[in-house]
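Take a look at the following structure, please.
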Amino acid sequence: MLQAINLTKQYAPDAPPALKGLNLTVAPGEIFCLLGQNGAGKTTTINLFLGFLQPTSGQALINGLSVTDHAQETKRYLAYLPETVLLYPNLSGLENLDFFASLAGFALLTDELRSLLLRAGLQADAHMRSLGGYSKGMRQKVGIAIALAKQAKVLLLDEPTSGLDPKASNEFSELLTQLSADGTAILMATHDIFRSKEVGTHIGIMRAGHLVETLPAADLTANELEAIYLQTV
Amino acid sequence: MIRLALKNFIRSGGVRVGLALLLVAGVISLLIGRQFLDRQTQAITDVRANQRTDFARNITIHKDELGLLLYYLKFSLVNQALPLSGLSLGQRDVNPSIQSVTIRALESQRYDADLANPANLLLGNLDFSFVLIYLFPLLLIACCYNLVSDERESGTWKLVVVQQPNVMRVIYRLYAIRVGVILGVLAMLVAVAIPLLRLPIDATLASFVGISVLYVLFWAAVCFWVTSLRKRSSVNALLLVTGWLGLIVLLPTLLNTYLVTRYPTPEALETTLEARKGYHEKWDTDKQQTMQAFFAHYPQFRSIPPPKLAFDWPWYYAMQQLGDDDAGKAANALRTKVAQREAVSQQLARFIPPLHTQLQLNELAGSGLGNQLRFQEATGRFHENLRLHFYDRMFRDVPVKSEKWNRFNVQTFHDDAPIDALTGLLPLLLLTLVFVGLGWLNFRKTATMA
């Protein structure tokens, strides 16, 4: 569903590549967690799949289509949750969800919108409040609801649990597991080793633009993963 | 999507304040227009009454001498103000809308008019065309300068791009909302103006509104192009405000300076001096010589006998006539140059949309320089007809009482110069399309970049 073939990105000719020869595949139902320090190339990878950046070489494929050559079509398969979800402060959480769902071509009823927000963990009394008064975690939950509304086959997550409290973070992990069970391919960039062990099917560790380790999550304990991570980075 | 994007736009406090201020400024401008039209109506009513009273009084006092009576009698020609001039006052406040002339030398009477309020002239009028030309673009800039760039800076654009693959559609809709809201204010003002100024709903009003709408669209296109350059919001704002300043203040000032330099009018003073000199010199000129010069101008009056007394009216009016004749060359040169200035400014203004819009609105409202020039020509014809009529009567010693004075009511000049709507609309339309095209090309490349 999601494939990187020798994917390379160099921002400037005299700068070292931010991503060098990345090869990875995320099949439907898999959750691929990318671990790595800041500047390791995780967000660059996500941005290349989103089409926000043009690769210097190599290919990013979604459902077999090159993101570069089929920019519009590949976005139809995608949902995205950034580290910090910044929405429209003049609209309520429900209106923001309605707006972004309608952008994706979904005309949802108020009950459906509320249901999505509840599924994302946003309390009912906050649905109609202006987003200007939301905490970062609450905005993040609206972002999750937006991603859910699109019913995308591929979910790209960039530090999605940043700002979520432990309970919400745990609910989010359960949500990802459900989506994965429904066949969604998920690529998640994160610093959270334990969360990635908990939800991931595969774990990739990146360093200086290289994917240096790819491990099946099921074969590791959280402590083993932490040890490998610390040795690798 | 449009409903929610509109909500998001309208709920912004700054937008609401801006729209309210624009609306208030617009309504004030309409009230100023109403005031202007009322003043004009009152002035016309007054001049009609005054002419009747003045005639009655002078005819009683100078009942024995037509020449003396005509020395005092003033005949008025009104340059009828169209209701549309309440929207675009143009030069109506600096040039007379009523010319009251005796049959004496015309050139010295042409500019014999009072200005209503010099303080207003200093500040300029807050008429509707001012609100349209100066304030509408400012609000449009304030609403559009950060379109897309602000969302890029805040991070929402990434989500927009991912949710809606056809981002151009989103951009068009965001623009349509902003432009639609601002055109809505324009529509509201026009809707208020129609009953308030008693505007007839006709092709002229349609052209006026069409040009106003295209002017707003032109600025929307400029904003569209600037925001397509993918600069930061602050840079967009700087570019747009600089553009506003350049197009609205700098370029028109440069054009004016060019016109004044290219077509200097020393004849303005020269005409006055020549007219006065031409007339005053004749007091010391041989009467017969004066009369011969007069007969050269009007051979039909050759039969009148030569002056026998130290003063006689045919000779006096011949002196007056020759004052005009002497100043004629300079006066014609002045009018030609002013007409040239007008023609060149109309042509060059096609590349300066605010100036073009102002000139076109003035032209449609009958408040432009073109109208004033045509009114001056009409005044010349009006004066000439009076002269020809009264010269004949005076030279034949027709008694005052045999003239049907009640025939001489205030006359009205109707400016029936054809309106070329296409000339008004086309430059704005073309420039709008150019900027939309340039913006479209840029956005096509950059819209999906986060």
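In what follows, chains carry the letters A, B, and so on, assigned in the order in which the sequence lines appear, proteins first and then strands, with residues in each chain numbered from 1. Only heavy atoms go into these numbers, but all of them, side chains included; no hydrogens, no water, no symmetry mates.
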Inset, instruction - Tell me, yes or no, whether the heavy-atom count around B:K231 atom NZ, taken from other residues, nucleotides or ligands under 6.0 Å, exceeds 12. - result: no

Legend entry - Derivation of the side chain to side chain contact (heavy atoms under 4.5 Å, CB included) call for B:R3 and A:D98: CA-CA 10 Å; B:R3 180 180 53 84; A:D98 193 5; 3.3 Å; yes

Inset, instruction - May I ask you to check whether over 12 heavy atoms, not counting those of A:K20, lie within 6.0 Å of atom NZ? - result: no

Inset, instruction - Counting only heavy atoms closer than 4.5 Å, note whether B:V162 contacts chain A via side chain, backbone, both or neither. - result: both

Legend entry - Other residues, nucleotides, ligands: >12 heavy atoms within 6.0 Å of B:Y172 OH: yes

Inset, instruction - Answer with side chain, backbone, both or neither: which region of B:V160 has an atom nearer than 4.5 Å to a non-hydrogen atom of chain A? - result: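 Both parts, backbone and side chain.
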
Legend entry - Least distance between heavy atoms, A:L91 atom then B:K7 atom: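 It is CD2-CB, 3.9 Å.
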
Legend entry - Over 12 foreign heavy atoms within 6.0 Å of CE, B:M188: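 Atom CE in B:M188 is not crowded, with 12 or fewer foreign heavy atoms closer than 6.0 Å.
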
Legend entry - Pairs flagged by ring-ring contact (aromatic ring centres under 6.0 Å, His included) wherever residues 103-140 of chain A is involved - sequence neighbours left out: none

Legend entry - Which atoms of A:N47 approach chain B - backbone, side chain, both or neither, heavy atom under 4.5 Å: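 It is the side chain, since no backbone atom gets that close.
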
Legend entry - Separation of B:E153 CD from A:L86 CG (nearest 0.5 Å):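 Here the rounded value is 12.0 Å.
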
Inset, instruction - Before giving the answer on side chain to side chain contact (heavy atoms under 4.5 Å, CB included), spell out for A:V85 and B:L159 the whole-Å C-alpha distance, their side-chain angles and the decisive distance to 0.1 Å. - result: CA-CA 9 Å; A:V85 176; B:L159 273 183; 4.2 Å; yes

Legend entry - Atom pair CG/NZ of A:L156 and B:K158 - distance to nearest 0.5 Å: 11.5 Å

Legend entry - Any residue of residues 9-27 of chain B which, by heavy atoms, sits under 4.5 Å from chain A: B:R11, B:S12

Inset, instruction - For a side-chain contact (heavy atoms from CB on, under 4.5 Å) with B:Q163, tell me which candidate from A:F100, A:F99, A:Y80 qualifies. - result: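 Option passing the side-chain contact (heavy atoms from CB on, under 4.5 Å) with B:Q163: A:F100.
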
Inset, instruction - Go through the atoms of A:A101 and report whether side chain, backbone, both or neither lie under 4.5 Å from a heavy atom of chain B. - result: backbone

